[in-house]
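Data block below; observations after.
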Amino acid sequence: MSKSFGAMSVAQLSVLIQSGAADPVDVAETVFESIANYADKAVFTTLLEGRAMEEARASSKRLREGRSLGLLDGIPIAWKDLFDIEGLPTTAGSVVLAATAPASCDAAIVGLLRRAGMVAIGRTNMSEFAFSGLGINPHYGTPVNPRGTDLPRIPGGSSSGAGVAVAAGLVPVAMGTDTGGSVRIPAAFNGIVGYKATSGRHAMDGVYPLAKSLDSLGPLCRSVRDAVWIDAAMRGLTAPDVIERPLRGLELLVPENVVFDAAEPGVVAAFEAALERFQSAGASVSRTIIPAFNEILDLMTRYGPLVTAEAFALHQERLAGPDAERMDHRVVMRTRVGSRTTAPDYIAILEARRRLIGGVDRLVGDRILAFPTVAHVAPPIAPLEENDELFFATNNRTLRNTALGNFLDWCGASIPCGTGESGMPVGLLLSATASRDEALLGAALAAEAVVRGDFV
C-alpha cells in the first residue's frame with residue numbers, strides 16, 4: 001500500500017493517517033522514493049526533503065499524542081515554483097531570479113497549510129514567469145504529460161509540474177496559480193481536478209505575480225472533495241464549510257459562442273456525453289449566446305490583452321536589460337506586446353471589464369456554466385518547441401476558454417469527463433460568477449461522479 005501513497009486522493013490518505021494505518025514519516029519517505037524513481041526529472045525544480053521530514057515527524061508526534069490538527073495533518077503537498085519558501089529564492093520558473101535574495105518567510109498560503117499540518121515536498125516546474133498555457137520551459141525542462149502513450153505531449157501550463165506531479169501519482173495535491181487558466185488547463189490535459197478560486201478569495205502575499213488584476217490560486221488534485229478540503233485550509237478554516245448541492249434541479253448554462261470554435265470532435269463528444277448524464281441525473285441544461293465572450297475577444301484585438309499589459313508593466317525593466325537574453329524568447333516576445341497598450345487603453349480595458357462583469361452576472365444569475373475546459377487535448381511537445389508560430393497559435397487556442405472566466409472574475413473547477421484524440425483526457429469546466437465559490441464547489445461535489453462517467 002505504501003507505494004501508492006502519492007497516487008491516493010487527499011481524502012483516502014487522510015483516513016489512513018488519522019486512523020494510524022499510515023504514519024506521516026512513512027508517507028513522506030515513500031513520496032520522495034517515488035519522485036527519485038520517476039524518470040521525468042523536469043517535474044520538480046526543488047525538493048524540500050529536510051523540511052518535509054521535519055514536518056512529517058512533527059505530524060507523526062501530534063497524531064500519536066492525540067493532537068491532530070485536522071483532516072490535512074501529515075498530507076504531502078507540492079508548491080508551484082512561485083510561492084515563497086523560507087530560505088530559498090523564488091525563481092518562478094526562470095533562471096534570472098535564481099540569484100535573488102532568499103525569502104525571509106513562507107508565502108501566506110504556504111504558512112496556512114503548514115499550520116494545517118501539511119508536509120511541503122518541493123517546488124514544481126512551471127512556464128517561465130507563469131506566462132504560457134502550454135507548460136514548456138527551456139530552462140528546467142518540460143514535464144511530460146503522463147497520460148500520453150504515443151509520444152511526449154505537453155502538460156499544460158503554467159502549473160505544469162503541479163499537474164504532472166498529481167497525475168503521475170507522485171503527490172496527492174499540488175498548489176497552482178491561475179491567471180488565464182494555469183490551474184484548469186493542466187488539470188484538463190492530465191485528467192485530474194483543478195479548482196481556480198475567485199480572485200481575492202485566498203491570500204496572495206508571497207506569490208510571484210503575473211497580472212494582479214487576474215491572478216488567483218487553486219489546488220490540482222484527484223477529486224473535488226480534495227479541493228474543498230484544501231480550499232477550507234487556505235482560508236484558515238479547521239473544517240470544510242461547502243455543502244453538496246443536489247443535482248436534481250441544478251441549472252446548467254452552456255454558452256453557444258466562442259468556446260466551441262474549432263473544437264476537436266472528440267472533445268465535443270466527451271462534453272456532450274457528460275451533459276446527457278447530467279440531464280439523466282435530474283439537472284436542467286439550457287444553451288445561450290453570451291455576447292460578452294465576443295466583446296472580450298474584440299477588446300483584446302483593439303487594446304491588447306489585460307494580462308499582457310500588466311505583465312509588461314511588471315517586467316519592463318528586465319526586458320530592457322541583459323536579463324532578456326537569458327529568458328525564454330517566447331516569453332520575451334509575448335510580454336513585449338504589452339508595451340503597445342497605452343495608459344488610456346488600459347483604463348478602457350478596466351472600464352469595459354467592469355461593465356461586462358455586471359452584464360454577465362445578470363445574465364447568468366445563480367446558474368452554473370458548463371463548457372469544455374480546453375477545446376483540444378494535449379498536443380505533442382516537439383512541434384511546439386520547434387515552431388514559434390505554432391507555439392503562439394496553440395497557446396492562444398489553449399488559453400481561450402479559461403481566460404474568459406479570469407476576465408469575468410469567475411471561479412471554476414475542471415473535472416475530467418472522458419477522452420478525445422489519442423485517448424487523451426478531456427476536461428469539463430464548471431464555473432460560477434464572482435464569489436460564488438461555495439455554490440460552485442457544492443455543485444461540483446455532487447456532479448463529479450456524473451461528469452467523470454467511466455473515466456478513471
Side-chain angles (χ1 to χ4, degrees), residues 9-11 71-72 75 77-80 83 109 112-113 116 118 124 133 156-159 162-163 165-167 171-204 207 214-235 237 240-245 368-374 401-406 408-417 425 427-449 451-452:
S9 70
V10 170
L71 297 169
L72 300 178
I75 300 291
I77 184 171
W79 294 94
K80 188 176 180 177
F83 290 92
I109 211 74
L112 277 170
L113 294 193
M118 300 196 77
T124 53
S158 62
S159 307
V166 174
V171 291
V173 58
M175 189 61 65
T177 59
D178 193 310
T179 306
S182 292
V183 164
R184 294 159 293 160
I185 291 167
F189 280 167
N190 288 279
I192 57 176
V193 169
Y195 159 59
K196 166 239 181 297
T198 300
S199 181
R201 180 174 174 86
H202 303 129
M204 299 295 293
V207 182
L214 304 168
D215 292 344
S216 62
L217 307 182
L220 296 97
C221 43
R222 301 198 182 285
S223 72
V224 175
R225 186 166 303 282
D226 290 357
V228 168
W229 286 13
I230 299 293
D231 166 70
M234 291 170 73
R235 293 181 289 125
L237 303 181
D241 59 348
V242 171
I243 299 172
E244 184 172 329
R245 298 176 61 183
I368 300 294
L369 295 112
F371 50 89
T373 311
V374 189
N401 286 9
T402 52
L404 294 168
N406 292 83
L408 294 168
D409 202 22
W410 291 349
C411 48
S414 180
I415 303 171
C417 67
L428 183 148
L429 180 59
L430 296 176
S431 300
T433 53
S435 301
R436 294 185 61 240
D437 297 71
E438 280 77 15
L440 167 73
L441 290 170
L445 273 173
E448 182 171 12
V451 174
R452 284 181 178 273

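We count residues from 1, following the sequence as given. Computed from a prediction, not measured in an experiment: that's the story for all the values here.
- Among residues two or more places apart in sequence or in another chain, the ring pair (Phe, Tyr, Trp, His ring centres under 6.0 Å) test is passed with F83 by W79.
- Looking at heavy atoms from C-beta onward, V173 lies out of side-chain contact with D226 at the 4.5 angstrom threshold.
- In this structure, the side chains of M234 and L112 stay at 4.5 Å or more apart for every pair of heavy atoms.
- Looking only at distances, no side-chain donor or acceptor of N190 sits under 3.5 Å from a matching main-chain atom of V166.
- Inter-residue side-chain proximity for T402 and V183 is flagged as unmet; no heavy-atom pair is nearer than 4.5 Å.
- With sequence neighbours excluded, the residues that form a side chain to side chain donor-acceptor pair (under 3.5 Å) with S414 are T373.
- Nearest heavy-atom pair across L430 and L428 is CD2-CD2, 3.5 Å.
- Between V374 and A188, the closest heavy-atom pair is CG2-CB, 4.4 Å.
- Other residues, nucleotides and ligands contribute only 12 or fewer heavy atoms inside 6.0 Å of the CZ atom of R225.
- Pairs engaging residues 181-200 under the salt bridge (charged side-chain N to carboxylate O under 4.0 Å, His left out) rule: D178-R184 [sequence neighbours left out].
- Summarising the geometry of W229 relative to A11, their closest heavy-atom pair is CZ3-CA, 3.6 Å, with the distance given to 0.1 Å.
- Residue T177 holds its OG1 atom at 12.0 Å from CD1 of I109, rounded to the nearest 0.5 Å.
- By the 6.0 Å contact criterion, CG on L237 is enclosed, its count of non-hydrogen atoms from other residues, nucleotides or ligands being greater than 12.
- A distance of 11.5 Å separates CG of L113 from CD1 of I75, quoted to the nearest 0.5 Å.
- The side-chain heavy atoms of N401 and L429, taken from C-beta on, include no pair separated by under 4.5 Å.
- A search for side chain to side chain donor-acceptor pair (under 3.5 Å) contacts involving R201 returns Y195, D231, E438, not counting sequence neighbours.
- Note that the CD1 atom of I243 and the CG atom of L441 stand 12.5 Å from one another [nearest 0.5 Å].
- For the side chain to side chain donor-acceptor pair (under 3.5 Å) test, residues two or more places apart in sequence or in another chain that qualify with S159 are K80.
- In this structure a side-chain-to-backbone donor-acceptor pair under 3.5 Å is missing from D437 to C411.
- To the nearest 0.5 Å, atom CG of residue N406 and atom CG of residue L214 are 6.0 Å apart.
- A donor-acceptor pair under 3.5 Å links the side-chain atoms of S182 to the main chain of S158, judged by distance alone.
- The heavy-atom pair separating P240 from A232 by the smallest distance is CA-CB, 3.7 Å.
- Heavy atoms only, all atoms of each residue included: I368 and A432 are closest at CD1-CB, 4.0 Å.
- Between A165 and T124, the shortest heavy-atom distance links the atoms CB-CG2, 4.3 Å.
- Residues meeting the side chain to side chain donor-acceptor pair (under 3.5 Å) test with T179, sequence neighbours left out: D215.
- Counting only distance, with no hydrogens or angles, the side chain of D409 and the backbone of A434 share no donor-acceptor pair below 3.5 Å.
- Side-chain contact between P172 and I77 is absent, with no heavy atoms from C-beta onward closer than 4.5 Å.
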